[in-house]
Amino acid sequence: MTPNEYQILAMRTKGNTFTNRELMVNAALGIAGETAEYLESLADNNIDGCKKELGDIEWYIALMCDVFKINFSALTRHRSNIKGKVFYKQLVLPSVAGRICDQAKKVYFQGHSMSRSDMYSALIYLQDLILDICDESGFDIEEIWELNID
């Protein structure tokens, strides 16, 4: 499954009754919540749970890309080779999720404009972390996408 195929399949379940601002808040809160669930699965050494939660994070990243008209495929092509062991990357996930929530809060509640470039930067960093975690954990991102769609 290609990244674009994943995004198209994932967005079938986003719902069509929400505004882009509401979808942005949903995506931000979803990224944060699923990150917490990923860390809980990790703490329980639940590999299947980790894969499921990474897939859920991917769904919300795809939703945020849909809202901001960001090519999901571009996120998977960009690799920054973040330094550090997988443990460090897992600890950084909540920080990036919080940064995304902060951007959504500023738009939704404080009247700031939606900055596509700021969101793109945050999503690139988050996706890089997830791809590195997958690589270092022996997970295949395409398998995670397929599990999420199933």
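Just so you know, these numbers come straight off a predicted model, no measurement behind them.
- The existence of a salt bridge linking Asp56 and Lys52 is confirmed by a sub-4.0 Å separation between a basic side-chain nitrogen and an acidic carboxylate oxygen.
- Minimum heavy-atom separation, Glu58 to Ile130: OE2-CD1, 3.5 Å.
- Residues Lys105 and Asp102 share a closest heavy-atom pair of NZ-OD1, 2.7 Å.
- With hydrogens and angles disregarded, no donor-acceptor distance shorter than 3.5 Å links the side chain of Asn46 to the backbone of Ser41.
- Of the possible donor and acceptor atoms, none in the side chain of Gln127 sits under 3.5 Å from a partner among the backbone N and O of Ile124.
- For the residue pair Glu5 and Met1, the shortest heavy atom distance occurs at OE1-CA, 3.4 Å.
- There is no path of hydrophobic side-chain contacts, each under 4.5 Å, that joins Ile8 to Met64.
- At distances below 3.5 Å, at least one donor-acceptor pair connects side-chain atoms of Gln7 with backbone N or O atoms of Ala62.
- Salt-bridge annotation for Asp48 and Lys51: absent, with no side-chain N of the basic residue lying under 4.0 Å from a carboxylate O of the acidic one.
- Between Phe72 and Tyr6, the ring planes are tilted. Angles from 30° to 60° get that label.
- More than 12 heavy atoms of other residues, nucleotides or ligands lie within 6.0 Å of CG in Asp150, so this atom counts as buried by the packing criterion.
- Between Val107 and Arg21, the shortest heavy-atom contact is O-NH1, 3.1 Å.
- No side-chain donor-acceptor contact under 3.5 Å links Ser137 to the backbone of Cys134.
- Applying the side chain to side chain contact (heavy atoms under 4.5 Å, CB included) test between Ile61 and each of Leu123, Asp66, Ile70 identifies Leu123 as the sole match.
- Scanning all heavy atoms of the two residues, the minimum distance from Glu22 to Phe18 falls at OE1-CA, 3.3 Å.
- Trp59 places no side-chain N or O within donor-acceptor distance of the main-chain N or O of Asn148, the cut-off being under 3.5 Å.
- Nearest approach of Gln103 to Ala122, heavy atoms of both residues: NE2-CB, 4.1 Å.
- Note that CG of Leu129 and CG of Leu93 are 5.5 Å apart. Values are rounded to the nearest 0.5 Å.
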Exercise. Given Ile133 and Tyr38, is the side chain to side chain contact (heavy atoms under 4.5 Å, CB included) satisfied, shown in steps?
Worked result: CA-CA 12 Å; Ile133 288 167; Tyr38 166 75; 3.3 Å; yes
